[in-house]
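Model, not experiment: these values are computed from the prediction.
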Amino acid sequence: MVTIATWNVNSIKARFQTVHDWLARAAPDIALLQEVKCEAAAFPAEPLEDLGYNVVVAGQKAYNGVAILSKRPLAVVTDVLPGDPEDSHARYLEADIGTLRVACLYLPNGNPPGNGQWSDKFRYKLTWMDRLRQRAADLLAEDHTVIWGGDFNVIPEPEDCHDPAVWEGDALYRPETRRAFRSLLNLGLTEAYRALHHDRGAYTFWDYQGGAWQMDRGIRIDHFLLSPQAADRLVECRIDRAPRGEPKASDHTPVLVTIEGD
DNA sequence: ATGTCGATACTTTATCGA
């Protein structure tokens, strides 16, 4: 069995103790972190290595930044999402871990989407999703066993948010965004949580503002997408809500997926 | 009722991104 966690930590520096203690307790084999918000050299790798993890980081000052932690050795395949040499955001990191290809991603938020004409941010989001689709198609064509995990900034369906009316028009829920997400799934990918669960109220993010956590007004935007070979091995996918309720919490909470074999 | 959080800089308050 291999358990992989994904967690948008909203600054590894601000969240270090919380993340460290959760990793020590939950002990996933692999952890995908997003919004570490620091350059690779500033990432506090050593205390996480003391927990038994190998650490690789695609970092950037102040914004974005993704990292992969793995108890087994890992080899980075790429630290950029192919398709745009001008794109300098640290949002994608892909590595081989044993026979698995594991990708950690922080998909652009895209807000505000603009009215009438799309904003640069929303166009960037849609272009990025198109590039991700191309990357996925390429890896599937090469027959890799792939797991993409991360903050997709996509609310796939109405039941993935507390109140769809609130999210109407938002870049996380716009028809163009959901269509691009479905297009990704239509390559033959399996969204792990919905393959196993059909409950409402399964959220991974609650805004800091407006008492969203206290009122349980959340959205499900952190996902795992599995290639067919990975999906055949899917055992479990769950959301650990506990970290969102802790002091100094990230606005996201971890999601864990387990696949059989190694 | 204006009720969030984190990073940054020509910084100690304003701005941006989420």
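Here the C1' atom of nucleotide B:dG6 and the CG atom of A:Leu33 are 17 Å apart, to the nearest Å.
With sequence neighbours left out, A:Tyr193 forms a ring pair (Phe, Tyr, Trp, His ring centres under 6.0 Å) with A:His197. A:His162 is linked by a ring pair (Phe, Tyr, Trp, His ring centres under 6.0 Å) to nothing, counting only residues two or more places apart in sequence or in another chain. Checked against salt bridge (charged side-chain N to carboxylate O under 4.0 Å, His left out), A:Asp207 has no partners two or more places apart in sequence or in another chain. Under the ring pair (Phe, Tyr, Trp, His ring centres under 6.0 Å) criterion, A:Trp167 pairs with no residue, sequence neighbours left out. Every residue meeting the side chain to side chain contact (heavy atoms under 4.5 Å, CB included) condition with A:Thr258, not counting sequence neighbours, appears here in chain and number order: A:Met1, A:Thr3, A:Val235, A:Glu236.
A gap of 13 Å separates the P atoms of B:dG3 and B:dA14, to the nearest Å. Across the P atoms, B:dG6 and B:dT2 are found 23 Å apart, a figure rounded to whole Å. If you take atom P in B:dC16 and the same atom in B:dC10, they sit 15 Å apart, rounded to whole Å.
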Under 3.5 Å, which donor-acceptor pairs link side chains of residues 36-45 of chain A to any protein atom two or more places apart or in another chain?
| residue | atom | partner | partner atom | Å |
| --- | --- | --- | --- | --- |
| A:Lys37 | NZ | A:Asn10 | OD1 | 2.9 |

Donor-acceptor pairs are to be reported for all side-chain atoms of residues 101-113 of chain A against protein atoms at under 3.5 Å, with residues two or more places apart or in another chain.
| residue | atom | partner | partner atom | Å |
| --- | --- | --- | --- | --- |
| A:Arg101 | NE | A:Asp96 | OD1 | 2.7 |
| A:Arg101 | NH1 | A:Glu94 | OE2 | 2.8 |
| A:Tyr106 | OH | A:Glu35 | OE1 | 3.3 |
| A:Tyr106 | OH | A:Glu35 | OE2 | 3.4 |
| A:Asn109 | OD1 | A:Asn111 | N | 3.0 |
| A:Asn109 | OD1 | A:Asn111 | ND2 | 3.0 |
| A:Asn111 | OD1 | A:Ala171 | N | 3.0 |
| A:Asn111 | ND2 | A:Asp170 | OD1 | 3.0 |
| A:Asn111 | ND2 | A:Asp170 | OD2 | 3.3 |

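For A:Gly210 and A:Val36, each mapped to the nucleotide of DNA chain B holding its nearest heavy atom, the one lying further toward the 5' end belongs to A:Gly210.
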Requested in this report: Scan nucleotides 9-18 of chain B nucleotide by nucleotide, 5' to 3', and note B when protein non-hydrogen atoms come under 4.0 Å of the base, S if they reach only the sugar-phosphate, - if neither.
Outcome: S-------SS

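Residues from residues 212-220 of chain A lying near DNA chain B, meaning a heavy-atom separation below 4.0 Å, are absent.
Contact annotation: A:Arg15 does not reach the phosphate of B:dC5 (side-chain N/O to OP1 or OP2, under 4.0 Å).
Using cut-offs of 30° and 60° for the angle between ring planes, the A:Trp206 and A:Trp213 rings count as perpendicular.
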